[in-house]
Amino acid sequence: MFEIEKTRKDFPALSQKVYGKPLIYLDNAATIQKPQTVIDAISEMNSGINGNIHRAVHYLSGLCTERYEAARTSIQTFLHAAKKEEIIFTSGTTAAINLVAASFGERYIQKDDEILISEAEHHSNIVPWQLLCERKGAKIKVLPIHEDGSLAIEELPKLLSPKIKLCCISHISNVLGVVNPIKEIVRIAHAHQVPVLVDGAQGVVHESIDIQDIDCDFYVFSGHKLYGPTGIGILYGKESLLETMPPYQGGGDMIASVSFEGSSYAELPLKFEAGTANFIGAYGLKAAIDYLEQLGLPAIHAHEQMLTNYALQQLTRIDGFQVYGSAAPKSGLISFNIKGLHPTDTAMLLDKMGIAARSGHLCAQPLMQRFGVERMLRFSFALYNTKEEIDEAVAALAKAQQMLS
């Protein structure tokens, strides 16, 4: 295990005070704080190592190109992808899903086709598919969940009709924290010749990923949820599929040649990276991955699992506590309500006590409807959180309950 107090000093944001109280940051599922090594990497690039990549022969362009492609190789290794050409830089999870919806959708989705998603998806894994269906005359099918938050995987073979052209499932729900059986879902879908996209925005930070073992066709995530910068994300796609998909956007860096009569496109991965790439964000993401691997992913995941279990134990002692997503395995976050307390009012009181938590529909309104609520509270954990912080947060909830009841 890493030394938690020593490690906390790597995160400058944790030393600040909010309304005179030491910050307790429990909104890590929304965005996570950055270690100093990531801040330094970004600052170094912004302070002078700045030259547009893939375009010029001068020193700075070459150095930035080298760092950008080194980041791609680092992410390939991190995901255990077969080839670096399968790693596409995007601006985040949402952009990556929209890329697939536009490009895969243009190539493979026809009128009356169907796309399968689950009842527990983030809006970013719902709305792009709805937009695609509107354009193509296709339809959305929904895989339900059980009351404990687990997917009704027994229903999956029944839903995988010949009309289903793509299955889109989160690795870990940003509301329920339940780790979905992705490998089993992929196996079942592939048996019906259906490719699978995995929303890994929460999964990549709480699970060790072996993309070849999972065997999914697409995997997407955001840098800012993995201790990296905002504005950078990853689309992993199997080379055989990416090769068949048309470009998503046109412009610089994605072309082989251009004339007024027509254009030809670059090879993978540049075919999907039009315009000036966020090479500074890519290098910052590499720094984040380097930091995590130095600490040790197994130790980080064990610490986060301990925090999740401990928080559940403490929260269940509060009268009227209702958790959403009790199925195991569960990792990284807890969404809940407390009878008689409005989630937003409670979150505002917690904020005055220095505790950053999330409240609202959590970008998952269909899931709120499934559980018959409009809003929830959420605590989400990172490698720098402690049991003492959880104790403080639980005590603050009890105080809020006393004040608001």
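- Interatomic distance, S118 OG to L159 CG, rounded to the nearest 0.5 Å: 11.5 Å.
- Side chain of S47 to backbone of S43: a donor-acceptor contact under 3.5 angstrom is found.
- The aromatic rings of F104 and F218 stand perpendicular to each other, their planes meeting at an angle above 60°, with 30° marking the opposite boundary.
- Within the 4.5 Å cutoff, the side chain of L116 has no heavy atoms near those of the L166 side chain.
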Is there a side-chain contact (heavy atoms from CB on, under 4.5 Å) between Y236 and Q76 once you walk through the steps?
CA-CA 9 Å; Y236 158 82; Q76 174 202 352; over 6 Å; no
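- Checked by atom type and distance alone, the side chain of K17 never pairs as donor or acceptor with a backbone atom of G354 at under 3.5 Å.
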Full working for side-chain contact (heavy atoms from CB on, under 4.5 Å) between F379 and L397
CA-CA 12 Å; F379 288 170; L397 280 173; 3.8 Å; yes
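- Judged purely by atom type and a 3.5 angstrom limit, R55 uses its side chain to pair as donor or acceptor with the backbone of I53.
- Atom CE of M306 has more than 12 heavy atoms from other residues, nucleotides or ligands within 6.0 Å.
- Heavy atoms only, all atoms of each residue included: N125 and I169 are closest at ND2-N, 3.8 Å.
- The closest side-chain heavy-atom distance from I318 to Q401 is below 4.5 Å.
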Show your working on ring pair (Phe, Tyr, Trp, His ring centres under 6.0 Å) between F279 and F89 and close with a plain yes or no.
CA-CA 9 Å; F279 54 89; F89 285 111; over 10 Å; no
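- Between E239 and K83 there is a salt bridge, since at least one side-chain N of the basic residue sits less than 4.0 Å from a carboxylate O of the acidic one.
- The neighbour count for E106 CD, taken as heavy atoms of other residues, nucleotides or ligands under 6.0 Å away, does not exceed 12.
- For the pair D148 (side chain) and G325 (backbone), a donor-acceptor distance under 3.5 Å is absent.
- Within 6.0 Å of atom NZ in K136, more than 12 heavy atoms from other residues, nucleotides or ligands are found, so the atom counts as buried in its surroundings.
- With 3.5 Å as the limit, one finds a donor-acceptor pair spanning the side chains of N52 and T276.
- Shown here is E154, whose CD atom has more than 12 heavy atoms of other residues, nucleotides or ligands within 6.0 Å.
- Annotation: cation-pi pair R8/Y384 absent, no NZ/CZ under 6.0 Å from the ring centroid and within 45° of its normal.
- For the residue pair S74 and I289, the shortest heavy atom distance occurs at OG-CG2, 3.9 Å.
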Under the ring pair (Phe, Tyr, Trp, His ring centres under 6.0 Å) criterion, do H171 and F221 qualify, and how do the steps go?
CA-CA 10 Å; H171 194 159; F221 68 91; over 10 Å; no
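- Ion pair D113/K163 not flagged as a salt bridge, since none of the NZ, NE, NH1 or NH2 atoms sits closer than 4.0 Å to an Asp/Glu carboxylate oxygen.
- The backbone N or O of Q212 lies less than 3.5 Å from a partner atom in the side chain of D210, making a donor-acceptor pair.
- We find that K21 and E392 are not joined by a salt bridge, their nearest charged nitrogen and carboxylate oxygen being 4.0 Å or further apart.
- Checked by atom type and distance alone, the side chain of S150 never pairs as donor or acceptor with a backbone atom of H146 at under 3.5 Å.
- Not a single donor-acceptor pair under 3.5 Å links the side chain of E134 to the backbone N or O of W129.
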Show the numbers, then the answer: is there a salt bridge (charged side-chain N to carboxylate O under 4.0 Å, His left out) between R370 and E147?
CA-CA 9 Å; R370 162 66 176 80; E147 192 65 25; 3.1 Å; yes
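- A salt bridge does not link D215 to R187: none of the charged side-chain nitrogens sits closer than 4.0 Å to a carboxylate oxygen.
- Listed for the K34 side chain is no donor-acceptor partner under 3.5 Å among the backbone atoms of H224.
- In terms of heavy-atom proximity, A81 sits nearest to E86 at CB-OE1, 4.1 Å.
- Between I32 and L226 the shortest side-chain heavy-atom distance does not fall below 4.5 Å.
- Proximity of the aromatic rings of H54 and Y68 is defined here by a centroid distance below 6.0 angstrom, and this criterion is met.
- By the 4.5 Å heavy-atom criterion applied to side chains, I88 and Y248 are not counted as neighbours.
- Atom NZ of K225 is separated from atom CG of N174 by 7.5 Å, given to the nearest 0.5 angstrom.
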Can you list the steps and then say if E273 with R72 is a salt bridge (charged side-chain N to carboxylate O under 4.0 Å, His left out)?
CA-CA 12 Å; E273 294 181 2; R72 196 189 307 276; 2.8 Å; yes
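- The line from CG of L270 to CE of M254 is 10.0 Å long, rounded to the nearest 0.5 Å.
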Check step by step if side-chain contact (heavy atoms from CB on, under 4.5 Å) holds for I164 and I115.
CA-CA 5 Å; I164 300 288; I115 296 167; over 6 Å; no
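- The closest side-chain heavy-atom distance from I24 to L26 is below 4.5 Å.
- By the 30° and 60° cut-offs, the orientation of the rings of H123 relative to H361 is tilted.
- For the pair E69 and K286, the salt-bridge criterion is not met [side-chain N within less than 4.0 Å of a carboxylate O].
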Mind running side-chain contact (heavy atoms from CB on, under 4.5 Å) on T344 and R375 for me, showing each step along the way?
CA-CA 8 Å; T344 302; R375 300 172 181 85; 3.7 Å; yes
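- Checking side-chain atoms of Y25 against main-chain N and O of A357 turns up no donor-acceptor pair under 3.5 Å.
- Between M368 and G360, the closest heavy-atom pair is SD-O, 4.3 Å.
- For E293, the CD atom sits in a packed shell: over 12 heavy atoms of surrounding residues, nucleotides or ligands are nearer than 6.0 Å.
- Remark: the backbone N or O of V100 is not paired with any side-chain donor or acceptor of S103 at under 3.5 angstrom.
- Residues M376 and S359 form no side-chain contact, since every pair of their non-hydrogen atoms from C-beta on lies 4.5 Å or further apart.
- Within a 6.0 Å sphere centred on CD of Q16, other residues, nucleotides and ligands contribute more than 12 heavy atoms.
- Looking only at atom types and distance, the side chain of N28 has a donor-acceptor partner in the side chain of N385 under 3.5 Å away.
- Side-chain contact between L197 and D217 is absent, with no heavy-atom pair separated by less than 4.5 Å.
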Applying ring pair (Phe, Tyr, Trp, His ring centres under 6.0 Å) to F336 and F321, what does each step give before you reach the verdict?
CA-CA 7 Å; F336 60 95; F321 173 78; 5.4 Å; yes
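- L132 is listed as a side-chain neighbour of I109, based on a closest heavy-atom distance under 4.5 Å.
- Of the inter-residue distances, the one linking E114 atom CD with S161 atom OG reads 4.5 Å to the nearest 0.5 angstrom.
- The shortest non-hydrogen separation linking G251 to I255 is O-CG2, 3.5 Å.
- When every heavy atom of P229 is checked against every heavy atom of L285, the shortest pair comes out as CD-N, 3.6 Å.
- Atom-to-atom distance recorded for T93:OG1 and N98:CG is 11.0 Å, nearest 0.5 angstrom.
- Geometrically, K387 engages Y310 in a cation-pi contact defined by less than 6.0 Å to the ring centre and at most 45° from the axis.
- Here CD of E155 is found 13.0 Å from CD1 of I145. Values are rounded to the nearest 0.5 Å.
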